[in-house]
2 protein chains.
Amino acid sequence: MSAVSTNPADLAEPRATRTALTPDVVLDAALTLFAQRGYHGTALSQIAEVLRVRTPSLYNHMGSKHDLLLTIVDRATAGVLADFHRVVDPADPPVEQLRKATHVYVHRHVTHRREALVVNRDTGSLAEPAVGEMQARRREHEHALRAVIAAGVAAGELRVESPALASFAIREMCVSVARWFSPHGALTAEQVADQYVEFALRVAGHLER
Amino acid sequence: MSAVSTNPADLAEPRATRTALTPDVVLDAALTLFAQRGYHGTALSQIAEVLRVRTPSLYNHMGSKHDLLLTIVDRATAGVLADFHRVVDPADPPVEQLRKATHVYVHRHVTHRREALVVNRDTGSLAEPAVGEMQARRREHEHALRAVIAAGVAAGELRVESPALASFAIREMCVSVARWFSPHGALTAEQVADQYVEFALRVAGHLER
DNA sequence: TGCCACGACGAACGAGCGCTAGTGAGCCTT
DNA sequence: AAGGCTCACTAGCGCTCGTTCGTCGTGGCA
């Protein structure tokens, strides 16, 4: 099928005209390049080049290269947790919680592909204590999803041997969407999210309707 | 559950006593460090330090830093394809092929965690034409798995809307095992592989027994 | 019109990188 | 005992990195 693309150029449009430089513009360019080449594989001179500016000018709009990464990872991981707690209602039946949790998670990874790639690849390049804090956030989401699955099993709605294993599998399955999705493909973010919700429910052993 | 570990130190044991230096020893140390810090995040001086040797000594046993990465990725991707064709018998029913393909794939990612991490993270850091060649191998495996699923759907043994999407989901689910598995955990490679085969069959819509 | 804050710039820094060359110590062979 | 080979070493190369500093042109405001 031609619905998807592995073309990494889907991430980048070389800024043709030189627009006003702001912290957000710098952050956005860094995000694109970090996602493409990785944190250590990206030089500040490359970010400056994309922005049609000399390297030192960047320092008028940022703290340091490390700060860029920290801000990116911080916002991204906070967003995932915010998504989860916004859409998952503890009063809902576990299956419904799993459905909603998976949907936002996939949807975020489709609409925030660059952030997802950077978080998954370069969180380890942060300095302490930031590494620990960011990993703690990921663990929080992981445990929340695991609890939902465990509750579903306890309620007889789901059937898995190990909620932890199922939770790992589902999460990584969703994350990987960022690696192949293309906005130019045949599938919309919504369609992909719906498909992956179905996959997640199957992995979790939801009884067929 | 305490069956798994996210401790990255599971990858590295700092070589206490200085053993004889050989190309394989250098490659192994590079593999460990690349998996931990990434290709661009690893300096040759760090590899040398682990081996209790000065940096230039490495060049008696390797071509260049880039050669190390190339060798690692080359062996790893070739191994995946060899695994697939060794265990998957085209004469088998599609479901059986999917079962075997998933099992070796997970098993390899459990027993070759470092290789998997490096391939997924740093293949893009290779120079042309190596990048293209390695990606072509990954595509070959991807298409082979997709064909198996499509055949299963055609035979009425599996049920998915899009074999491509299911193939993506299953592959990445298996790959991610390298990210959390610990040999010190409660689960053996075989047990994890069996569990993930079950997950894969569920994603592919295999009818429950 | 004069002033001032903003910010892009050239120059340059110290550090670290991958890698090369030449030297000399230890070992095997004869 | 003498020779040659292997290989780890010191020294140092050219380069790029992230970052700092002081200058200077410009646009908004008095």
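Naming: A, B, ... by sequence-line order, numbering from 1 per chain.
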Rounded distance in Å - [atom1] ([X]) to [atom2] ([N]):
X	N	atom1	atom2	value
A:K65	D:dG18	NZ	P	4 Å
B:R54	C:dA25	CZ	P	17 Å
B:Y59	D:dC9	OH	P	15 Å
A:L69	D:dG18	CG	P	13 Å
B:R37	C:dC17	CZ	P	11 Å
B:H40	D:dT16	NE2	P	15 Å
A:I47	D:dT19	CD1	P	10 Å
A:L51	C:dA8	CG	C1'	13 Å

Quiz item: cation-pi between B:K100 and B:F84, 6.0 Å / 45°
no

Quick check on DNA chain D: between A:M62 and B:L21, whose nearest nucleotide comes earlier from the 5' end?
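Here B:L21 is the residue nearer the 5' end.
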
Please figure out whether A:P56 or A:Q46 has its closest DNA chain D nucleotide nearer the 5' end.
A:Q46

OP1, OP2 of C:dC17 versus side-chain N and O of B:S45: anything below 4.0 Å?
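For B:S45, the contact criterion (side-chain N or O under 4.0 Å from OP1 or OP2 of C:dC17) is met.
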
So, is B:S57 near the phosphate of D:dC7, with a side-chain N or O under 4.0 Å from OP1 or OP2?
no

For A:N120, run the side chain to side chain donor-acceptor pair (under 3.5 Å) check against A:E115, A:R138, A:R179 and tell me which one passes.
A:R138

Would you mind telling me which of B:H141, B:R108, B:H103 makes a side chain to side chain donor-acceptor pair (under 3.5 Å) with B:D83?
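Result: among B:H141, B:R108, B:H103, B:R108 is the only option passing the side chain to side chain donor-acceptor pair (under 3.5 Å) with B:D83.
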
Could you walk me through whether A:R137 and A:E140 satisfy the salt bridge (charged side-chain N to carboxylate O under 4.0 Å, His left out) test, starting with their C-alpha distance in whole Å, then the side-chain angles of each, then the deciding distance to 0.1 Å, before giving a yes or no?
CA-CA 5 Å; A:R137 284 193 191 167; A:E140 182 182 337; over 6 Å; no

Nearest-nucleotide pick for [X], side chain only, options being [options]:
X	options	value
B:N60	D:dT19, D:dA8, D:dC9	D:dA8
A:H61	C:dC9, C:dG18, C:dG7	C:dG7
A:V53	C:dC9, C:dC19, D:dT19	C:dC9

Checking all strands, does [X] fall into the base, sugar-phosphate, or nothing category for heavy-atom contacts under 4.0 angstrom?
X	result
A:S64	sugar-phosphate
B:H66	nothing
A:T22	nothing

Is any side-chain heavy atom of A:M62 closer than 4.5 Å to a side-chain heavy atom of A:L27?
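No; the side chains remain at least 4.5 Å from each other.
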
